[in-house]
Amino acid sequence: MSVRVRYAPSPTGLQHIGGVRTALFNYFFARSQGGTFILRVEDTDRERYDERALQDIYDTFAWLGISWDEGPGVDGPHAPYFQSQRLELYQGYARQLVEQGNAYYAYDTPEELAAMREEQGEKGAGYDRRGRNYTAEQIADYQSRGVVPVIRFKGLLEGETVFEDLILGRVKKKNKDITPDPVLLKSDGFPTYHLANVVDDHHMQITHILRAQEWIPSAPLHVQLYRAFGWEPPAFCHLPMVMGKDGQKLSKRHGSTSVIEFRNQGYLPEALINYVSLLGWAYDDKREFFTVGELEQLFDPQKINKAPAVFDYKKLEWFNGNYIRQKSDEELEALVTPILQSAGVVSTPITDNEAAILHGASPLVRERMKYLTEAADIVRFLFTDDLPYQMDELIPKNLSAAQTVQLLELGRELVGGFASRSDEENEERFRLAAEERDLKLGSLLMPLRMAVTASRVSPPLFGSMRLLGETRVLKRIDTVLQLLRTEGGK
RNA sequence: GUCUCCUUCGUCUAGUGGUUAGGACACCGGGUUUUCAUCCCGGCAACGGGGGUUCAAUUCCCCCAGGAGAUGCCA
C-alpha cells in the first residue's frame, strides 16, 4: 500500500518551528516513499479560529516551497480538507458509537465541570465519568433546562492498550490511566481532535501518523477509537519535540518561532528547512547540507531520534550565511532588492542606476551577510551621499584630528584617477605610500574608509569607491576634511 | 499529584559489547587579509548516578535522579 501522510494544523495561531518540522518530516517521508502528502485543516475550534492563521499556513508553505498533493486548493478523492466542512461525518460516527454503547450523551454544564475540577484541586484526575450514570429523571431535568449534551467516549476501565511506534517501539498504557471519557462531540456539534483525527485519518486512508510526542498520551485513546469503529489504526510515529534554549517547549518567548517571522528577519527558506530537518534527525555522521530535493530522496524516519532537540539560532545563522554565499549575484540582488526598498535605500521600482550599483555590490557584500536584512546597512553608503558622520569615529584611536587630516589629505592625493587602475594597482600604490611614511596600509586606509563609507566596517574600499565614482568619492573626502578641520580643531 | 516519554561535548548529532568515543555549531587561540566578514590551522569539551549481565560495558537489563510532555466541550 502506498504511503499517505498528512500534516493537520489548526488555524488558531501562526505556524511555528515545531509545526513546520512535523510538516516537513511528513512531506519528506511521503516523497521518499513515492507517497502522498495531504494538508488537512483542523478548524474544529471555533472559539480560537483565526482567519489570519489560515492565511499564515498558506504563506508559510508558499515561502518554504512545500506543496501538498491533496488539501486546500488541490482537490483529491477525500475532499473537503477542512474539518469544519465534514461535520455530518463526525456526527454520524459519534452517534454510531453511542448506539454501539461505546459513547454516551453527557449533560454536564460548564459550571458543574468547573466545580468538579475545583474539588479535585491539584490532583487533576479529570472527568469523573458521572455522566455515565445519570438517571432518566436527571437527564430529563437537564433537557428541560435546555442543557445541550456532549458525546463522551466510554473508555475501557480495565486492561491496557498497546501500540507500536516507529520510533519508540512498543508503547503500553493502562486503560485506567487514559484520560477518562474524553469528549468526542462538543455541544456545538463540532468534533474534538480525538474524534475528527481518527475519522479523517481512516477515511483519508492515512497510513502513517507522524506527529509530535505531545500526542503520546492520547494515542492509546485513539487506538481504542479505531477498535470501537472496527478500523485498523495507521502506523504511529511520534516525533521528538523541539525545545527552546531553556529546555521548555518552544514558544513565543523564545523569539521568532513564527516561521513567517524568520522570513521577515532575512532567513532563506532553504537554510531553515535544512536546519530544521536536522532537529531530531541525521543522515550520517558527516553530512549536514541538504537541498530539499535531496531530503525528498534521503529522508528516513528510522533515523529519527527519540530525544527532544533544542533549537539553536546560532547554527541556523551559520546555515543561513552559507546559503547566502551560495547565491549568484542575480539571485542575491533579487532577494535583497525588496529589503532595500522597504528600508528606503533604493527606489521603488529600482532605477537602472541603482540596479547597476547593486549588481556591482553583490560580490562585495555576499561574504559579509548572515541575514538578507543586513544588506540595507551594508550597502546604504553606496546609494546616498547624506552620511551620518560621527566625529569620534572619524578620528582613529591614537590619532589626533590634525594627524587624521594629514592622512586623509594623503589619501585624497593617492585616490586621484583610481578608477583607471586595478584594485591591485591601487593597493600597491597605497602600500608604497604607507611604507615610505612607516605606516601600515590599514592605518592609511582607515580614515579614507571612514570618509567614503562613514563606517569603520565596510566592504572592500577600492571596489566600493569604484561603484561610487571618483567625483563622489572626492566630495566625501572633502566633506570630512572640512569637518575635521573645523570641529576637530577645537 | 498521577500517567507517559526521554538522557553521548554548552547545542545538534554519529557510533560500537573491546574506538585515542567521530563530525558540526558555539566558544577560545593562531594564520591569511584593507576594516569587517569569508577562508585556513589548532584547542577546549560528552557517554547523568547506582546496581547487575559479561572476560569486557557508552552500548544489554533493572533502579534512581534529572528533564520534558499530557492530564480541556484546544489542538
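Just so it is clear: chains get the letters A, B, ... in the order the sequence lines come, proteins before strands, and each one is counted from 1. Please read these numbers as outputs of a predicted model, since none were measured by experiment.
- A:Phe462 comes within 4.0 angstrom of a nucleotide base, judged by non-hydrogen atoms across all strands.
- With A:Phe311 as the aromatic partner, A:Lys245 does not meet the cation-pi criteria of under 6.0 angstrom to the ring centre and within 45 degrees of the ring axis.
- A sub-4.0 Å separation between OP1 or OP2 of B:A75 and a side-chain N or O of A:Arg48 is absent.
- Across the protein-nucleic acid pair, A:Glu288 atom CD and B:U11 atom C1' stand 12 Å apart, rounded to whole Å.
- For the P atoms, the distance from B:C62 to B:C28 is 43 Å, rounded to whole Å.
- Nucleotide B:C27 forms a Watson-Crick or G-U wobble pair with B:G43, both donor-acceptor distances falling under 3.5 Å.
- A:Asn305 has a side-chain polar atom (N or O) that falls below the 4.0 Å cut-off from OP1 or OP2 of B:A14.
- Going from atom CZ of A:Arg129 over to atom P of B:G72 covers 12 Å, rounded to whole Å.
- Using a 4.0 Å heavy-atom distance criterion, A:Thr453 is classed as making no nucleic acid contact.
- With both ends at atom C1', the span from B:G15 to B:A57 equals 14 Å, rounded to whole Å.
- Within 4.0 Å (heavy atoms only), A:Glu47 reaches no atom of the nucleic acid at all.
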Taking N or O atoms only and anything under 3.5 Å, show me the protein contacts with nucleotides 3-6 of chain B, one pair per line.
from: B:C3; atom 1: O2'; to: A:Lys173; atom 2: NZ; distance (Å): 3.2

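- Nucleotide B:U38 holds its C1' atom 13 Å from the CH2 atom of A:Trp318, rounded to whole Å.
- B:C27 sits 25 Å from B:G67 when the C1' atoms are compared, rounded to a whole Å.
- Comparing the same atom, C1', in B:U2 and in B:U16 gives a spacing of 38 Å after rounding to whole Å.
- Between A:Lys315 atom NZ and B:C12 atom C1' the separation is 5 Å, expressed in whole Å.
- A:Lys314 has its NZ atom 18 Å from the P atom of B:G10, to the nearest Å.
- Summarising the base pairing, B:U38 is matched to no nucleotide, lacking a Watson-Crick or G-U wobble pair whose two defining distances lie under 3.5 Å.
- Contact annotation for A:Ser187: base contact, defined as any heavy-atom pair under 4.0 Å involving a base atom.
- A cation-pi contact links A:Arg152 to A:Tyr127, judged by a cut-off of 6.0 Å to the six-membered ring centre and 45° from its axis.
- The base of B:U34 does not come close enough to the side chain of A:Arg431 for any donor and acceptor atom to sit less than 3.5 Å apart.
- Phosphate proximity of B:C73 to A:Arg152: present, with a side-chain N or O under 4.0 Å from OP1 or OP2.
- A salt bridge does not link A:Asp56 with A:Arg52: none of the charged nitrogens is closer than 4.0 Å to a carboxylate oxygen.
- Using cut-offs of 30° and 60° on the angle between ring planes, the pair A:Tyr283 and A:Phe290 is perpendicular.
- Nearest to the side-chain atoms of A:Asp285 among the listed nucleotides B:G22, B:C25, B:U35 stands B:G22.
- Of the candidates B:U34, B:C12, B:A75, the closest approach to any side-chain atom of A:Leu279 belongs to B:C12.
- A centroid separation of less than 6.0 Å is found between the aromatic rings of A:Phe289 and A:Phe319.
- Look at CZ on A:Arg117: it is 20 Å from P on B:G1, rounded to the nearest Å.
- To the nearest whole angstrom, the two C1' atoms, one in B:U8 and one in B:G31, are 33 Å apart.
- Atom P of nucleotide B:G23 and atom CG of A:Leu278 are separated by 17 Å, given to the nearest angstrom.
- Two residues are said to be in side-chain contact when any heavy atoms from C-beta on lie closer than 4.5 Å; A:Glu333 and A:Asp329 meet this criterion.
- Contact annotation for A:Met369: no contact, since no heavy-atom pair falls under 4.0 Å across all strands.
- Contact annotation for A:Val310: backbone-only contact, meaning every heavy-atom pair under 4.0 Å involves sugar-phosphate atoms and none involves a base.
- With B:A75, B:U34, B:U35 as the choices, the nucleotide that has an atom nearest any side-chain atom of A:Lys186 turns out to be B:A75.
- The nucleotide B:G17 finds no pairing partner, because no Watson-Crick or G-U wobble arrangement with both distances shorter than 3.5 Å includes it.
- The aromatic ring centroids of A:His222 and A:Tyr193 lie less than 6.0 Å from each other.
- Within 4.0 Å of A:Gly321, counting heavy atoms only, lies no atom of the nucleic acid at all.
- Comparing B:C27, B:A24, B:A75 by their nearest atom to the side chain of A:Asp45 picks out B:A75.
- By the 4.0 Å N-to-carboxylate-O rule, A:Arg40 lies close enough to A:Glu42 to be salt-bridged with it.
- A residue-by-residue look at A:Trp215 and A:Pro459 shows that A:Pro459 has its nearest nucleotide of RNA chain B further toward the 5' end.
- Nearer the 5' end of RNA chain B, as judged by each residue's closest nucleotide, is the contact made by A:Pro180, out of A:Pro180 and A:Gln83.
- Look at A:Lys303 and you won't find any side-chain N or O under 4.0 angstrom from OP1 or OP2 of B:A14.
- Regarding contacts with the backbone of B:U71, every side-chain N or O of A:Ser218 stays at 4.0 angstrom or more from both OP1 and OP2.
- In this structure, A:Arg211 does not reach the B:G69 phosphate: none of its side-chain N or O atoms is under 4.0 Å from OP1 or OP2.
- At whole-Å resolution of the value, CG in A:Leu39 and P in B:A75 are 17 Å apart.
- For A:Arg325 and B:C39, the shortest distance from a side-chain N or O to OP1 or OP2 is below 4.0 Å.
- Pair assignment for B:A57 gives none, since no Watson-Crick or G-U wobble pairing has each distance under 3.5 Å.
- Of the C1' atoms belonging to B:U32 and B:U38, the separation is 11 Å, rounded to the nearest Å.
- The partner of B:U32 cannot be assigned: no Watson-Crick or G-U wobble pair with both contacts below 3.5 Å exists in any strand.
- A distance below 6.0 Å separates the ring centres of A:Tyr93 and A:His203.
- Closest to the side chain of A:Thr192, from the set B:U34, B:A26, B:A75, is B:A75.
- Rounded to whole Å, the C1' atom of B:G52 lies 15 Å from the corresponding atom of B:U59.
- With sequence neighbours excluded, the residues satisfying ring-ring contact (aromatic ring centres under 6.0 Å, His included) with A:Phe29 are A:His208.
- B:U4 is paired with B:A68 under the Watson-Crick or G-U wobble criterion, all donor-acceptor distances under 3.5 Å.
- Across all strands, A:Pro191 comes closer than 4.0 Å only to sugar-phosphate atoms, never to a base (heavy-atom distances).
- Here A:Leu445 lies in heavy-atom contact (under 4.0 Å) with a base.
- With both ends at atom P, the span from B:A56 to B:G72 equals 50 Å, rounded to whole Å.
- Relative ring orientation between A:His194 and A:Trp215 is described as perpendicular, the plane-to-plane angle rising above 60° on a 0-90° scale split at 30° and 60°.
- Nearest to the side-chain atoms of A:Asp312 among the listed nucleotides B:C36, B:U34, B:G10 stands B:G10.
- Under the 6.0 Å cut-off for aromatic ring centres, A:Phe299 and A:Phe25 qualify, their centroids lying closer than that.
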